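Take a look at the structure set out below.
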Amino acid sequence: MTAYICMPELPEVETIVRELAPRLRGRHIVSVEVLQPRITRHSKTDITTVLPGRRIEEVRRHGKFIIVDLDQGCLTIHLGMTGQLLFDTAPGPYTRVIFVLDDAVLLYDDTRMFGAIEFGAARVERLGPDALTQLAPDKLKRKAPVKAVLLNQAVFSGIGNIYADEALFRAGIKPTARNISRPRAEKLLAAVDDVLREAIEHRGSSVSDYVDTEGRRGSFQQQHRVYAREKLPCVVCGTPIRKIVVGGRGTHYCPKCQR
DNA sequence: ATCTATTCCTGGCTGC
DNA sequence: TGCAGCCAGGAATAGA
């Protein structure tokens with residue numbers, strides 16, 4: 001099977017949570033096997049001893065974090081770059097954690113191991129408000145480049161590299177702009193909300209030609225206007241899209257439409 | 001307090 | 001053709 005890369009940002013995690021919640025709600029965890037200890041590096045509690053016997057009450061999301069509420073405590077999952085949750089699949093070379101449930105086996109696969117699984121919500125508590133809630137424009141007024149502010153999960157949580165670039169394009173704001181005005185901040189937050197909701201409708205963005213067994217995965221990559229479009233013509237004005245580095249991340253923008 | 005650079009990790013791509 | 005070297009990026013960390 002060809003692996004697909006979904007670059008899990010808020011819309012991708014939301015899509016996964018919507019699939020996961022009805023399948024996990026009410027189930028019990030039978031046993032847990034950690035094949036790669038690095039994945040549980042942030043956990044203060046050994047998940048292999050604390051999880052067996054727990055009942056799953058709910059699955060929800062904050063930013064890019066998946067939160068599995070249990071009858072006692074919760075489990076927090078971050079997919080990093082390449083994390084995947086797979087039901088009833090044979091373990092492969094990148095299977096890092098195996099959850100045996102009362103009616104299924106759930107695998108956590110992750111090639112690059114940037115993802116993390118921990119007992120408790122310590123890291124979630126350090127996050128800013130979820131990017132799909134009502135956001136305060138004044139929080140964007142900082143000295144750092146506005147794109148770096150968008151990526152700062154302590155300011156707003158859930159926006160990653162793809163949707164930061166896409167929202168800045170839609171708002172007509174250059175990624176390197178600093179101390180942006182109130183009207184521009186409001187415009188940018190409206191663009192963030194638009195792009196995230198549209199992406200959720202498309203089940204997120206998938207990078208590569210992979211189609212799963214149901215024939216559906218994210219398709220929002222077809223709507224990308226700047227991300228991964230370096231040197232291609234701007235969809236609005238035809239100017240070649242430029243790629244620079246902002247906040248240590250590859251950043252795509254239209255030099256004419258974004259000021 | 002805020003900002004910036006570096007680190008982790010590996011598949012896939014580039015170029016010699 | 002083969003392989004070294006670089007690139008991608010979310011979040012933690014160290015340093016400014």
Side-chain angles (χ1 to χ4, degrees), chain A residues 1-14 16 34-44 61-67 76-85 92-97 108-118 120-131 138-168 175-180 192 196 199 204-210 218 221 224 226-231 241 243-253:
Chain A
M1 188 201 321
T2 310
Y4 73 95
I5 301 166
C6 79
M7 294 247 233
E9 298 184 30
L10 188 152
E12 292 73 26
V13 178
E14 177 67 23
I16 290 162
V34 177
L35 305 176
Q36 172 50 259
R38 191 182 151 71
I39 298 301
T40 56
R41 62 195 177 280
H42 297 298
S43 193
K44 293 196 172 73
R61 180 191 63 71
H62 187 111
K64 304 170 196 172
F65 285 77
I66 299 167
I67 303 159
T76 300
I77 302 171
H78 195 298
L79 301 173
M81 283 291 295
T82 53
Q84 287 180 275
L85 290 162
Y94 306 115
T95 300
R96 309 304 188 186
V97 181
Y108 177 75
D109 280 26
D110 192 348
T111 49
R112 294 187 197 177
M113 300 189 284
F114 275 25
I117 298 177
E118 67 206 280
R123 294 202 303 154
V124 175
E125 284 157 15
R126 294 199 281 268
L127 298 174
D130 186 84
D138 49 294
K139 296 230 177 164
L140 281 172
K141 196 169 179 60
R142 282 171 170 247
K143 284 178 184 166
V146 62
K147 167 150 178 185
V149 180
L150 284 179
L151 292 178
N152 184 344
Q153 304 295 299
V155 178
F156 307 130
S157 61
I159 305 164
N161 205 38
I162 296 174
Y163 299 109
D165 281 4
E166 293 299 318
L168 284 163
T176 51
R178 298 167 189 260
N179 267 313
I180 62 171
V192 165
L196 293 178
S205 303
S206 300
V207 180
S208 99
D209 55 355
Y210 173 72
Q221 66 278 6
H224 292 174
V226 284
Y227 185 82
R229 297 196 70 250
E230 184 187 8
K231 292 177 184 167
I241 297 303
K243 185 178 181 185
I244 58 174
V245 174
V246 181
R249 293 289 163 255
T251 297
H252 316 75
Y253 74 105

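Numbered from 1 within each chain, the chains take letters A, B, ... in sequence-line order. This structure is a prediction, so every number in the text was calculated from the model and none was measured.
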Between CZ of A:Phe114 and P of B:dT6 the distance, given in whole Å, is 16 Å

side-chain contact (heavy atoms from CB on, under 4.5 Å) with A:Ala121: which residues, sequence neighbours excluded? A:Cys74, A:Thr76, A:Val124, A:Glu125

Nucleic acid footprint by protein, nucleotides 11-16 of chain C - heavy-atom cut-off 4.0 Å, B for base, S for sugar-phosphate alone: BS----

Value for CG (A:Leu79) from CD1 (A:Ile16), rounded to nearest 0.5 Å, stands at 5.0 Å

Using a heavy-atom cut-off of under 4.0 Å over every strand shown, decide if A:Gly250 touches base, sugar-phosphate, or nothing. sugar-phosphate

Got a sec, which residues hit side-chain contact (heavy atoms from CB on, under 4.5 Å) with A:Gln36, two or more places apart in sequence or on another chain? A:Arg38, A:Ile39, A:Arg96, A:Met113

Quick check: does any side chain N or O of A:His62 sit under 3.5 Å from a backbone N or O of A:Gly128, one acting as donor and the other as acceptor? yes

Contact class for A:Pro93 vs. all strands (heavy atom < 4.0 Å): base, sugar-phosphate, or nothing? nothing

Would you kindly give the CD1-to-C1' distance between A:Ile244 and C:dC7, to the nearest whole Å? 17 Å

Among all residues two or more places apart in sequence or in another chain, which pass the side-chain contact (heavy atoms from CB on, under 4.5 Å) test with A:Ala199? A:Pro11, A:Tyr163, A:Phe220

What does A:Lys243 touch in the nucleic acid at a heavy-atom separation under 4.0 angstrom: a base, only the sugar-phosphate, or nothing? sugar-phosphate

Taken to the nearest whole Å, CD/A:Glu118 to C1'/C:dG10 is 14 Å

Just wondering, more than 12 heavy atoms not from A:Lys139 lying within 6.0 Å of its NZ? no

From CG of A:Leu79 over to C1' of C:dG9, roughly how many Å is that when rounded to an integer? 14 Å

From the list A:Arg229, A:Lys243, A:Lys147, A:Arg249, salt bridge (charged side-chain N to carboxylate O under 4.0 Å, His left out) with A:Asp165 holds only for A:Lys147

For A:Arg41, answer base if it contacts any base atom (sugar-phosphate contacts may also be present), sugar-phosphate if it contacts only those atoms, and nothing otherwise; contact means non-hydrogen atoms under 4.0 Å. nothing

Any side-chain donor near an acceptor of the partner, A:Asp109 and A:Thr95, under 3.5 Å: yes

Quick one: side-chain hydrogen bond (donor to acceptor under 3.5 Å, both in side chains) partners of A:Gln153, sequence neighbours excluded? none

Using a cut-off of under 3.5 Å, enumerate the N/O to N/O pairs linking the protein to nucleotides 11-13 of chain B.
| from | atom 1 | to | atom 2 | distance (Å) |
| --- | --- | --- | --- | --- |
| B:dG11 | OP1 | A:Tyr94 | OH | 2.7 |

I want to check one thing: is the phosphate of B:dT10, taken as OP1 and OP2, less than 4.0 Å away from some side-chain N or O of A:Arg38? no

OP1 or OP2 of B:dC3 sitting under 4.0 Å from any side-chain N/O of A:Lys147? no

In whole Å, what is the span from the NZ atom of A:Lys139 to the P atom of B:dC3? 13 Å

Expressed as a whole number of angstroms, how long is the span from A:Ile162:CD1 to C:dG10:C1'? 12 Å

Here the distance between atom C1' of B:dC9 and atom CZ of A:Arg96, to the nearest Å, is 9 Å

At less than 4.0 Å, is any side-chain N or O atom of A:Tyr227 found next to OP1 or OP2 of C:dG9? Yes or no. yes

